[in-house]
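In what follows, a single structure is set out as structure tokens and then discussed.
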Amino acid sequence: MNLTRRDTLLMAIGGAVVAALPMPVFAAATEDQIAEFTGGVEPGTGGITLTAPEIAENGNTVPIEVDAPGAVSIIILAAGNPNPGVATFNFGPLAGSHVASTRIRLAGTQDVVAVAKMADGSFVQASQEVKVTIGGCGG
Amino acid sequence: MKALALKGVAAVSALSFVAASALADENANLVVNGEIDMTIRAPAPDHMENMSEVMSGWLFRSSETQALQLDDFENPGMIWVDDAREVFASESGSGGESCASCHDSPEALAGVRAVYPKWDEEHGEVQSLEMQINECVTERMGGEPWKYTGGTMVNMTALLASVSRGMAVNVAIDGPAQSTWEMGRDLYYTRTGQLELSCANCHEDNYGNMIRADHLSQGQINGFPVYRLKNAKLNAVHSRFKGCVRDTRAQTYSPGSPEFIALELYVASRGNGLSVEGPSVRN
Amino acid sequence: MAENVRPRVRVPATVAAGETITIKTLISHNMESGQRKDGDGNVIPRSIINRFTCDFNGQNVIDVTLEPAISRNPFFEFQATISESGTFQFTWYDDDGSVYEEQKEIAVE
């Protein structure tokens with residue numbers, strides 16, 4: 001791959017912007033649902049991995065996976081949907097891991113958020129932006 | 001793929017890994033269930049003057065979409081293949097017969113999808129697979145015809161495609177089929193609609209390029225019927241034709257019309273050598 | 001019962017004791033979100049599968065609450081660890097009161 005000086009500069013700027021971003025702030029409805037799930041406890045970070053495509057070819061079917069070792073339950077929220085709720089995974093005694101995958105609907109480009117309740121009652125959170133594209137002809 | 005298009009992709013990925021992740025590995029191979037090795041690139045058939053290689057639409061999709069076709073369980077289209085298996089074995093029509101009365105099992109029809117549309121001597125016309133199925137349903141079984149792009153029909157074509165997966169598309173374009181094929185070729189290259197676009201403008205001149213946020217494919221139909229993420233159901237090839245023509249802002253032909261049968265034969269012949277993939281998964 | 005609902009599950013037929021297995025489930029369902037309108041502008045009422053559970057010999061593996069943002073034809077993949085032969089019980093609960101069930105036997109070797 002041949003990078004021009006301009007490309008390299010742009011990438012460096014992009015990296016700096018990403019690094020400077022604070023914890024994302026979500027719409028009130030999403031914050032409310034997180035608070036309801038955690039009982040108002042502010043979730044920490046780390047110990048939870050949310051895997052979603054950076055660009056979804058169609059918002060109607062977006063594959064996601066969440067992995068939070070030791071979680072009791074995990075709530076998935078789509079911060080930009082009309083209703084942010086997506087799913088809640090409650091793991092039972094025979095769960096072989098605390099990983100779950102599903103396919104979700106996203107109304108447009110937005111943050112997908114996962115919050116896990118751990119066995120000790122603490123909470124951790126991860127989020128990822130998914131860009132939702134529309135087809136070439138709308139067809 | 002054209003050098004220009006490749007250069008464009010490289011430039012985009014240099015600027016942003018986000019865009020790069022949307023375009024899947026161009027050297028990926030499609031092996032379904034770890035056992036059906038699909039031919040997704042093939043030398044262009046001799047009749048194609050403007051292209052050297054034909055490529056499955058699978059190659060143009062994101063890695064996440066591609067993954068959905070690797071395994072029959074992940075592929076939601078296979079749900080309706082199972083539905084069609086039940087219909088295949090169910091008696092219907094006045095004769096109290098099922099598909100299985102004559103054809104034993106769907107697997108006995110392996111290879112059929114690969115050669116349709118096909119000249120039918122008895123009827124003196126090129127017939128699509130849907131027409132052949134309806135001939136069975138009405139003339140042999142004494143039933144009412146299935147709607148051309150309705151669920152029962154699409155499911156049955158998905159079943160028949162599924163048992164031919166991995167076999168090379170090989171439609172005949174000479175002999176009695178030639179005039180129909182030529183009609184289809186003319187339609188392919190005719191600009192239609194307010195946008196004045198022909199099939200070729202997008203799928204021959206610009207495959208590999210982006211049309212807004214969509215990665216344009218060659219418009220191959222070896223993967224039909226297609227489970228689309230957009231509507232989360234199986235889509236018949238004539239429904240796709242209708243959508244494309246509509247998107248040129250033209251009055252469309254009807255599914256099952258002689259024009260679309262001819263176009264289907266011609267477009268199928270552009271994929272001669274690619275594997276039957278249906279039901280495939282696309283965006 | 002909603003029309004043409006067909007559950008599918010994939011579970012290995014055998015497993016070594018204590019080994020973790022991957023389970024996949026898919027069910028054909030429209031998952032009408034309640035956000036769409038029909039041709040006359042009337043909201044099409046929500047009609048979704050709202051809960052999915054997987055149990056093994058009476059013990060829970062996973063219990064999922066589904067919202068309308070789950071795609072049509074809901075798919076789940078998750079893992080279970082079991083130490084005895086038995087039966088997985090899969091249950092999907094529809095807004096309309098329907099319950100769809102599927103069982104799979106598994107042998108521990």
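All values derive from a computational prediction rather than experimental measurement. Residue numbering restarts at 1 for every chain, and letters A, B, ... go by the order of the sequence lines.
Nearest approach of B:Asp72 to C:Arg8, heavy atoms of both residues: O-NH1, 3.4 Å.
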Decide side-chain contact (heavy atoms from CB on, under 4.5 Å) for B:Met78 and C:Leu26; before the verdict, give the C-alpha distance in whole Å, the side-chain angles of both, and the deciding distance to 0.1 Å. CA-CA 10 Å; B:Met78 294 304 290; C:Leu26 187 66; over 6 Å; no

Full working for side-chain contact (heavy atoms from CB on, under 4.5 Å) between C:Asn73 and B:Tyr227: CA-CA 12 Å; C:Asn73 311 320; B:Tyr227 182 88; 2.9 Å; yes

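Only the side chain of B:Asp71 comes within contact range of chain C, judged by heavy atoms closer than 4.5 Å. The contact between C:Thr25 and chain B is made entirely by backbone atoms, counting heavy-atom distances below 4.5 Å. Contacts of B:Asn231 with chain C are made by backbone atoms alone, with heavy-atom separations under 4.5 Å and no side-chain atom involved.
Taken to the nearest 0.5 Å, the CG atom of B:Asp83 stands 4.0 Å off from the CZ atom of C:Arg6. Remark: B:Glu74 CD to C:Glu77 CD distance equals 6.0 Å, nearest 0.5 Å.
Other residues, nucleotides and ligands place no more than 12 heavy atoms under 6.0 Å from the CD atom of B:Gln194. Within 6.0 Å of CD on C:Glu101 lie more than 12 heavy atoms contributed by other residues, nucleotides or ligands. The environment of C:Phe88 atom CZ is dense: over 12 non-hydrogen atoms of other residues, nucleotides or ligands sit within 6.0 angstrom. Around the CD atom of C:Gln103, the shell of radius 6.0 Å holds more than 12 heavy atoms that belong to other residues, nucleotides or ligands.
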